[in-house]
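Start at 1 with the first residue, then count along the sequence.
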Amino acid sequence: MENSFLAAPGKNPMHKLITTGTVLEHELSELRSLIERQTGIVLDCPNSAMAAHVADFIEAQELGSSSTLLERLRSCEQDPASLPSLLDGLINTNTGFFRHPGALNALTRQVLPQLFARKSADGPNPLRIWSAGCATGEETYSIAMAVCDAVSNSAANNSMGSNGGSTNGSGKAARSGGIVDSMPSKNGAASLAGLTIHIVGSDLLPQNIEAADRGVYPQSALDGLPPASIRNHFSKISSPAIFPVDSDDEDQSAGRDDRRHDSRYEAKQKAGSQSAPASVAHLLVKPRLRSMVTFNCMNLARPGYIGRFDCILCMDVLPQLSRAQRIALLERLHLYLEPGGYLFLSQTEKLCAPNLNFRSETFDGYTFHRKPLAASAAYGR
């Protein structure tokens, strides 16, 4: 994060210097402790950067002093919005489409076929996936894209097999940009019929959830992905101007011309602020993909119960937490998994709670963790 003591237009630079100077070292220490206690996050930024950020926040919120800010944060349960607003810009937000291709490869080629088969045998139960710590939504939409493409390609492969066609003799999927281009038809499209898929994305910062809800990204954010997949899941627009998604947009049929959707978007954004240059292309998530996903603000140190999940992806979150909070979060994630469910962490993260009942599995070089079906007995299921 770049730090500057230049005041915003219309602000007095001397006022900011004075405000920054009043953020004392012991107050910064207390802020770090409050943040760790309430969110589990251990800030690794230097005091100088943190002091500048806090000064900006105090000025923007018109709090007057750091002591007023500390008092507000001490009573954060009465004012829960203060802490996430302060953290915006302080914590690392590493995000991007298909940043973890190994995890999505294992999900689509190894885990989903097993879950589809199990769901078909158990009855019409929805498949639920949680992207915990989803930032601005790229990871959550990547999961949705990978699931859609896996289902479509599995159905296509099954159709080819029933008509005498053949698949890759190796049984392995070719990948491009982390998207599976084909998958084994072992479990077949019949096991996918009528299956409801729901993906939940959660993040601590309301600003991130707002961006995820909008579903608008620069075209460069999807560089390297197969053009056909981008066409299937996004509509090109010329400006990132924002408007809420209408219910009639959500109800567009799959076969409707995307240009109608784009023209309606551009007509609405003309009423907004000054547009970006037409050459700056952005992509808007199509309603079909958007309808699979729900976004929620959530503090993983104090999560509300949002049901059980067949898969949980918690990528790049644990390294930001204290050791105690890492273990506590893993215990919660274990509890929120269905028996037989799967936990995905980033490739460099280790399962630091050895007492939890997980069975580690490896697929194509990526290691993930399964909650045994027998774990249902521990929860009365």
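The residues R99 and D316 are annotated as salt-bridged, a charged nitrogen and a carboxylate oxygen being separated by less than 4.0 angstrom.
Contacts of F57 classified as ring-ring contact (aromatic ring centres under 6.0 Å, His included), with partners at least two apart in sequence or in another chain: none. Under the side chain to side chain contact (heavy atoms under 4.5 Å, CB included) criterion, S33 pairs with R37, not counting sequence neighbours. Remark: T294 pairs with H198 by the side-chain hydrogen bond (donor to acceptor under 3.5 Å, both in side chains) rule, at least two apart or across chains. Residues satisfying the side chain to side chain contact (heavy atoms under 4.5 Å, CB included) criterion with T39, sequence neighbours excluded, are I35, I41, L83, L87, L204, N299. Listed by chain and number, the residues in a ring-ring contact (aromatic ring centres under 6.0 Å, His included) with F368 are Y342, F344 (sequence neighbours excluded).
Listed for the T196 side chain is no donor-acceptor partner under 3.5 Å among the backbone atoms of P126. Under the 3.5 Å distance criterion, the side-chain polar atoms of R326 are matched with a main-chain donor or acceptor of L321. Of the possible polar contacts, none joining the K371 side chain to the P339 backbone as a donor-acceptor pair under 3.5 Å is found. A donor-acceptor contact shorter than 3.5 Å is absent between the side chain of R109 and the backbone of D364. Side chain of T362 to backbone of G365: no donor-acceptor contact under 3.5 angstrom is found. With hydrogens and angles ignored, the 3.5 Å screen pairs a side-chain donor or acceptor of N232 with a backbone N or O of A228. In this structure, E27 contributes its side chain and L24 its backbone to a donor-acceptor pair below 3.5 Å. Checking side-chain atoms of Q110 against main-chain N and O of E361 turns up no donor-acceptor pair under 3.5 Å.
Nearest heavy atoms, R332 versus L300: NH1-O, 3.2 Å. The shortest heavy-atom contact between A135 and N208 is O-CB, 3.2 Å. Minimum interatomic distance between H53 and L86 (heavy atoms only, all atoms of both residues): NE2-O, 2.6 Å. A211 approaches T136 most closely through the heavy-atom pair CB-CG2, 3.9 Å. Residues H100 and S346 approach most closely at CE1-CB, 3.5 Å, considering heavy atoms. K286 approaches R231 most closely through the heavy-atom pair NZ-O, 2.7 Å.
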Stepwise, does the ring-ring contact (aromatic ring centres under 6.0 Å, His included) test hold for Y141 with F295? CA-CA 11 Å; Y141 289 123; F295 291 103; 5.5 Å; yes
Let me see the working for M298 and D203 under side chain to side chain contact (heavy atoms under 4.5 Å, CB included), right down to the final yes or no. CA-CA 5 Å; M298 181 180 294; D203 197 82; over 6 Å; no
For side chain to side chain contact (heavy atoms under 4.5 Å, CB included), just list the numbers for C311 and L115, CA-CA rounded to whole Å, side-chain angles, deciding distance to a tenth of an Å, and then say yes or no. CA-CA 9 Å; C311 296; L115 290 175; 3.5 Å; yes
Working note: K236 + Q219, criterion side chain to side chain contact (heavy atoms under 4.5 Å, CB included); need CA distance, chi angles, decisive distance, verdict. CA-CA 8 Å; K236 185 178 289 188; Q219 187 168 351; 3.5 Å; yes
Derivation and outcome, side chain to side chain contact (heavy atoms under 4.5 Å, CB included), residues L70 and S67: CA-CA 5 Å; L70 282 167; S67 59; 5.6 Å; no
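A single hydrophobic cluster is seen to contain both L329 and I306, as judged by linkage of ILVMFWY side chains at heavy-atom distances under 4.5 Å, directly or through other members. Both F363 and L313 are members of a single hydrophobic cluster when ILVMFWY side chains are connected at heavy-atom separations under 4.5 Å. Hydrophobic clustering of Ile, Leu, Val, Met, Phe, Trp and Tyr side chains at less than 4.5 Å, counting indirect connections, unites V151 with M292. Residues L205 and L90 are members of one and the same hydrophobic cluster, defined by side-chain heavy-atom contacts under 4.5 angstrom among Ile, Leu, Val, Met, Phe, Trp and Tyr. Taken together through direct or relayed side-chain contacts under 4.5 Å among Ile, Leu, Val, Met, Phe, Trp and Tyr, V42 and L318 form parts of separate hydrophobic clusters.
Residues L31 and L43 fail the side-chain proximity criterion, which asks for heavy atoms closer than 4.5 Å. L283 places none of its side-chain heavy atoms less than 4.5 Å from the side chain of S235. Taking the side chain as every heavy atom from C-beta outward, F234 and V285 approach each other to under 4.5 Å. Contact of the I209 side chain with the N296 side chain is not registered, since no non-hydrogen atoms from C-beta on lie closer than 4.5 Å. By the 4.5 Å heavy-atom criterion applied to side chains, R370 and F358 are not counted as neighbours. With contacts defined as side-chain heavy-atom distances shorter than 4.5 Å, the pair L333/L337 does not qualify. You'll find the side chain of S142 reaches within 4.5 Å of the side chain of L104, heavy atoms only. Contact annotation: the side chain of L351 never approaches that of L356 to less than 4.5 Å [non-hydrogen atoms, C-beta and beyond].
In this structure, a donor-acceptor pair under 3.5 Å is present between the side chains of S229 and D149. A side-chain N or O of R32 and one of N47 form a donor-acceptor pair less than 3.5 Å apart. The closest side-chain donor-acceptor pair between T367 and S360, if any, does not fall under 3.5 angstrom.
Separating the CD1 atom in I230 from the CG atom in L222 is a distance of 5.0 Å, to the nearest 0.5 Å. Rounded to the nearest 0.5 Å, atoms CZ (F116) and CG (D310) are 10.0 Å apart. In this structure, M50 CE and L28 CG are separated by 5.5 Å, a value rounded to the nearest 0.5 Å. Atom OG1 of T140 and atom CZ of R290 lie 9.5 Å apart (nearest 0.5 Å). Atom SG of C45 sits about 10.5 Å away from atom CD1 of I91, to the nearest 0.5 Å.
The stretch residues 124-141 participates, sequence neighbours left out, in no salt bridge (charged side-chain N to carboxylate O under 4.0 Å, His left out) pair at all.
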